[in-house]
Amino acid sequence: MEAKDLKDLARRAMLEHGLQPDFSKAALDQASATQAPRDAGPASAVIRDLRNLLWCSIDNDDSRDLDQLSVAERLADGACKVLVAIADVDAAVAKDTAIDAHAKVNTTSVYTAARVFPMLPERLSTDLTSLIETHERLAIVVEMTIVREGDVTASAIYRARVSNHAKLAYDSVAAWLEDGAKAPAKLAAVPGLEDQLRLQDDVAQALKKKRIQSGALSLETIEARPVFTNGTLTDLRPDRKNRAKELIEHLMVASNGVVATFLDAAGYASIRRVLHTPERWSRIVALSASVQEKLPQAPDSIALGVLLEKRKAIDPDHFADFSLAVVKLLGSGEYAASSPGDRPVGHFGLAMTNYAHSTAPNRRFPDLVTQRLLKAALVKAAPPYSRVELDEVAVHCNVQETMAEKVERQVRKSAAALLLAPRIGETFDAIVTGASAKGTWVRVRRPLVEGRVTQGFAGLDVGDALRVVLLHVDPQRGFIDFKRV
């Protein structure tokens, strides 16, 4: 099985899970006829010209669907003003058009080990609605005043024209920030941008410190990135967290909090991203006890956050495994509609009451819905979605997000099975990632793959470390079977 076979498998998996791998003719025709949006929209909308600010993007090396830019400015007393520009996708994709209909069905871009199935046609997501380098684009800007203690003390949201002065990549920026490596060429080529990014990094670290003090969980899970050589899969390499990813993460989390609060204050219903208090807290307590750490019997995000920071310092080599177990036990986040005055569910992992996905409208449908609500609120127009519609969108997005994850997991397992085929009978170090009546699953560290324990699984639970022997693989079905040593 080579790259082409994995692509065919990925397309079949999309169809089997109720996702559309292909755009309709109407959607493709709409994309072909679309031009880069430049108009201001409603007569009362104000578009600021911020093209000359030192905007830049940081994303994966191969990403072309760029959703956000950032820039910062020093203020008095150690405070900073941070601006996050979010691609104005709604300016090119109107509600209830053919492209919107496709996005509404899939609700997300699906990133498989074989290929990407974008939520929007690539003419838009990687070009006309992408904040690509040197091109003028419309954006929604979230402006925040952040003091040195990491608190957001003031905020505003408005529309603007922006221009990306440098498309940067996580790994090279992280090497420069963390290890003193030479600045990436694109970073060094823009006068003042190095100081600009160091300022943003300082702000992000202040936000991180404040969030952890408030109970946010600093977790580190490792994703596998496929490596192809001459069309053949040759490795699944770990994609680790780094300082550049943290920079973007903390600025985006802060922006999403501002957006949710803004819509609530404006009297508009919205879609929130929530994470309920974990039902398996007792297992998290037991898992912590296994590494000689103590947690209270009642769920407590602050106590768990402190423990996570401690474990990262004590045992950095195994922290990703410990984090993965905690993530599995916390459960999945989900979308939920909320109206002003509702009792908020909040997000346990982020320790935030008000949180809405808004910073990736090229890739996630809830972010596009939120963007439309924001633009309506800015001109005090009628909401583009009723509360009933928002409820329906939230429920559908939860279903489709689960389906997208299943597709990504299925293709990842097929790729992993293909990679492991010559290694039947070998022994691996592993950690249990799932244990239920449906089966017990483990993740192997290298290569970074997940499979099922078909023999010797009795008594295993999430977070347990063990050694396993590879018994069998089936690349077509994505099956990887292990036996406990």
Side-chain angles (χ1 to χ4, degrees), residues 1-23 59-65 106-120 122 125-126 169-171 220-242 245 320-321 324 327-328 332 360 362-364 400-424 426 428 430-431 433-434 441-452 470 472-482:
M1 182 189 290
E2 296 191 357
K4 180 182 181 302
D5 301 302
L6 279 177
K7 288 179 179 179
D8 292 341
L9 186 149
R11 188 176 185 281
R12 290 198 304 272
M14 289 282 288
L15 292 169
E16 289 169 1
H17 289 88
L19 298 167
Q20 296 179 354
D22 306 310
F23 292 96
D59 214 309
N60 291 316
D61 297 48
D62 55 355
S63 293
R64 295 187 297 147
D65 47 351
N106 282 9
T107 76
T108 181
S109 292
V110 184
Y111 297 87
T112 76
R115 59 169 290 195
V116 175
F117 297 92
M119 185 182 78
L120 305 176
E122 289 191 345
S125 62
T126 65
Y170 286 130
D171 290 346
E220 182 178 334
T221 55
I222 303 174
E223 298 296 331
R225 290 178 66 83
V227 178
F228 289 93
T229 303
N230 297 324
T232 300
L233 181 71
T234 55
D235 199 1
L236 290 169
R237 293 178 184 168
D239 187 17
R240 296 181 180 276
K241 197 171 186 178
N242 59 43
K245 291 178 182 178
D321 289 341
L324 178 63
V327 167
K328 296 288 185 178
S332 301
N362 275 304
R363 314 178 193 194
R364 296 187 303 227
Q400 297 300 75
E401 181 180 57
T402 299
M403 294 300 105
E405 289 172 352
K406 287 183 177 181
V407 170
E408 292 171 353
R409 186 163 57 247
Q410 181 176 335
V411 179
R412 185 165 59 245
K413 286 185 174 181
S414 290
L418 177 65
L419 195 63
L420 287 176
R423 303 181 66 177
I424 302 296
E426 288 191 30
F428 301 85
I431 182 173
T433 57
W441 282 263
V442 296
R443 190 185 71 179
V444 170
R445 292 181 185 171
R446 190 62 188 262
L448 198 63
V449 302
E450 193 171 45
R452 185 172 184 174
L470 180 62
H472 171 259
V473 299
D474 183 340
Q476 282 293 338
R477 301 168 72 186
F479 289 176
I480 301 173
D481 296 337
F482 292 107

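From a predicted model like this one, the values you see are computed outputs, not experimental measurements.
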Lys/Arg-Asp/Glu bridge criterion (N-O < 4.0 Å) met for E122, R64: yes
Min side-chain heavy-atom separation V442-F482 under 4.5 Å: yes
Contact check, side chains of R443 and L448, non-hydrogen atoms, under 4.5 Å: yes
Please round to the nearest 0.5 Å and tell me the distance separating atom [atom1] of [X] and atom [atom2] of [Y].
X: T107; Y: M119; atom1: OG1; atom2: CE; result: 8.0 Å
X: W441; Y: E450; atom1: CH2; atom2: CD; result: 8.5 Å
X: L19; Y: R11; atom1: CG; atom2: CZ; result: 12.5 Å
X: S414; Y: I480; atom1: OG; atom2: CD1; result: 8.5 Å
X: D5; Y: L418; atom1: CG; atom2: CG; result: 8.5 Å
X: F428; Y: L470; atom1: CZ; atom2: CG; result: 5.5 Å

Indicate the atoms forming the closest heavy-atom contact of [X] with [Y], along with that distance.
X: N362; Y: S125; value: OD1-CA, 3.5 Å
X: V473; Y: A417; value: CG2-O, 3.7 Å
X: R115; Y: A10; value: CG-CB, 4.5 Å
X: A416; Y: V449; value: CB-CG1, 3.2 Å
X: F23; Y: L120; value: CZ-C, 3.3 Å
X: M403; Y: H17; value: CG-O, 3.3 Å

Salt bridge (charged side-chain N to carboxylate O under 4.0 Å, His left out) against E408, all qualifying residues, sequence neighbours excluded: none
Sidechain-backbone polar pair: [X] side chain, [Y] backbone, donor-acceptor under 3.5 Å:
X: R363; Y: D65; answer: yes
X: N106; Y: Q20; answer: yes
X: T108; Y: R364; answer: no
X: N60; Y: D62; answer: no

Pair T112-K7, side-chain contact (heavy atoms from CB on, under 4.5 Å): steps then yes or no: CA-CA 9 Å; T112 76; K7 288 179 179 179; over 6 Å; no
K406 atom NZ, over 12 foreign heavy atoms within 6.0 Å: no
